[in-house]
Amino acid sequence: MISEIKNNVLYVDGCNTIELAEKYGTPLYVYSENAIVKECRKLQECFLNKYENTRAAYAAKAFSCIAMCRIIEREGLCLDVVSGGELFTAIRAGFPAERIEFNGNNKLKEELELAIDYGIGRIIVDGLQELNLIESICRQKNKTMDVLYRITPGVDSHTHNYITTGKKDSKFGIPLDDDVIYPAVEAAINSSYVNFKGIHFHVGSQLFDNKSHLLALETVLQLVKNIKERFNYDVTELNVGGGFGVTYTDEKQKSYEYFLDPIMERIIEFSQKMNIKRPAVVIEPGRSVVAEAGVTLYKVGSIKDIKGIRKYVSVDGGMTDNIRPALYQAAYRGALANKMNEPADHTITVCGKCCESGDILIKDGQFAEAQAGDILVIFTTGAYGYSMASNYNKNPVPAVVLVKDGKSTEIIRRQSYEDIISRESTEELW
Ligand SMILES: *Cc1c(COP(=O)(O)O)cnc(C)c1O
């Protein structure tokens, strides 16, 4: 996070957060452009420039809007989308179609048609049924598409209990049963409408241990070897997904090198032994690119001190702008942005304004003494915050402001009440 404290006030990328809250209102998502760019350059330095024939596709689902797509494009990364909406946003931003990859376990026909019309770079196919759908669309449009198969690595959890999301019982990917994966691979190899490039896996999110990636990789390399033996076909691309963890409270964040160097070492060794050209290697970081670049600003309202139990400090947002605490007990750090130099010696529970008891943003956090009107900041909200926002209780989705070197610009305007009902029919019924 590119932040500092001046005169008791939090500054983000040169901007006074109290002034931002006044100018744009609260709740407010604030993203530091310099912080996003720094993360992108880290990827360049320790992966893209270090190893040739590699790509990093930012997972748009972590935070996607036109401005973000433009930053990602400028920084030379590719983009991983998982829906027609994310694809449409990228195209509107002028993102080069050939640098877009499309993931998802149930891509709709309309979404695939959009992707094929735009001529995106890759579709990461989730099964034979989807392959057949892509083929029929390509046949109709007289086009071809580069594809990878997403597999579920299904590492034996009796010997390795690290894998939770890459396990066989999953809605994502193709299970590695011989009678499922090989017919699918054979169909892709023999198709006149798709070019079969290789294999994709994504083992999970917010990881601090490289073992899941490395175990999944072994499974995939074995598959690459089997494809070579069965079909005499050289896989030319491996996509090892994302999942690189970030620090929300006290997690020990690992470097990209920690994850990627052993992966590359293993792939290089494998390729030499197999006497094949080393496949292209693609990663899909989402959270690690944007999480720390974002903070959310709230205004403190109602304060309730339940004697001997807990002190609730309510803010003007909540689970509608950050569902992660309610959805998976995610923990965050916060502070009072106008009292940064005061000792954080009060234990408070920061709750939202939604009609749900689970609408808690920070349980028993340490803050300076809060009063109504204070600006409360929650850190590291850049990933899966705005992108998961909802209109529950008809709360408007907050504005998003991009800051850089003391300048600020609204990249997404706050929803108005009019926006919220704009698609509702006002006709009399029947
Ligand atoms: C969500 C997702 C990512 C990004 O995961 P992060 O944990 O945000 O890095 C990458 N690839 C796929 C297929 C995903 O579903």
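Position 1 is the first residue of the sequence; numbering continues from there. Quick caveat: nothing in here was measured; it's all calculated off a predicted structure. One-based numbering, in listed order, for ligands and for the atoms of each.
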Next on the checklist: Which residue and atom name correspond to the protein heavy atom nearest atom 5 (O) of ligand 1, and how close is it?
Outcome noted: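 Looking at atom 5 (O) of ligand 1, the protein heavy atom closest to it is His202 CE1, 3.5 Å.
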
Next on the checklist: For atom 1 (C) of ligand 1, what is the closest protein heavy atom, and at what distance to 0.1 Å?
Outcome noted: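 Ranking protein heavy atoms by distance from atom 1 (C) of ligand 1, first comes Lys61 NZ, 1.3 Å.
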
Which ligand 1 atoms does [X] reach within 4.0 Å, using its non-hydrogen atoms?
{"X": "Arg287", "answer": "6 (P), 8 (O), 9 (O)"}
{"X": "Tyr384", "answer": "1 (C), 4 (C), 5 (O), 6 (P), 8 (O)"}
{"X": "Arg150", "answer": "13 (C)"}
{"X": "Gly286", "answer": "4 (C), 6 (P), 8 (O), 9 (O)"}
{"X": "Ser205", "answer": "6 (P), 7 (O)"}
{"X": "Asn103", "answer": "13 (C)"}
{"X": "Ala59", "answer": "3 (C), 4 (C)"}

Beyond-backbone contact of [X] with [Y], side-chain heavy atoms, under 4.5 angstrom:
{"X": "Pro398", "Y": "Leu28", "answer": "no"}
{"X": "Leu133", "Y": "Leu112", "answer": "yes"}
{"X": "Ser408", "Y": "Lys23", "answer": "yes"}

Can you label the angle between the [X] ring and the [Y] ring as parallel, tilted or perpendicular, going by 30° and 60°?
{"X": "Phe63", "Y": "Tyr31", "answer": "parallel"}
{"X": "Phe244", "Y": "Tyr256", "answer": "perpendicular"}
{"X": "Tyr386", "Y": "Tyr29", "answer": "perpendicular"}

Checklist entry - Stepwise, does the ring pair (Phe, Tyr, Trp, His ring centres under 6.0 Å) test hold for Tyr233 with Phe196? => result CA-CA 10 Å; Tyr233 194 87; Phe196 177 61; 5.8 Å; yes

Next on the checklist: Heavy atoms only, cut-off 4.0 Å: how does Asp80 contact ligand 1, side chain, backbone, both, or neither?
Outcome noted: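 The answer is the side chain of Asp80.
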
Item to check | Residue part near ligand 1, for Glu284, under 4.0 Å between non-hydrogen atoms | outcome: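 Answer for Glu284: both.
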
Next on the checklist: With nothing but distance in play, are any N or O atoms of Gly242 less than 3.5 Å from an N or O of ligand 1?
Outcome noted: no

Checklist entry - Could an N or O of ligand 1 be found under 3.5 Å from any N or O of Ser288, whether backbone or side chain? => result no

Item to check | Ring-face cation of Arg55 near Phe47 (centre distance under 6.0 Å, axis angle within 45°) | outcome: no

Item to check | Lys363, NZ atom: more than 12 neighbouring heavy atoms under 6.0 Å | outcome: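 12 or below, so no.
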
Checklist entry - Would you call Asp261-Lys50 a salt bridge at under 4.0 Å N-O? => result yes

Checklist entry - Under 4.0 angstrom from ligand 1, any heavy atom of Phe172? => result no

Checklist entry - So is Gly243 in contact with ligand 1, going by heavy-atom distances below 4.0 Å? => result yes

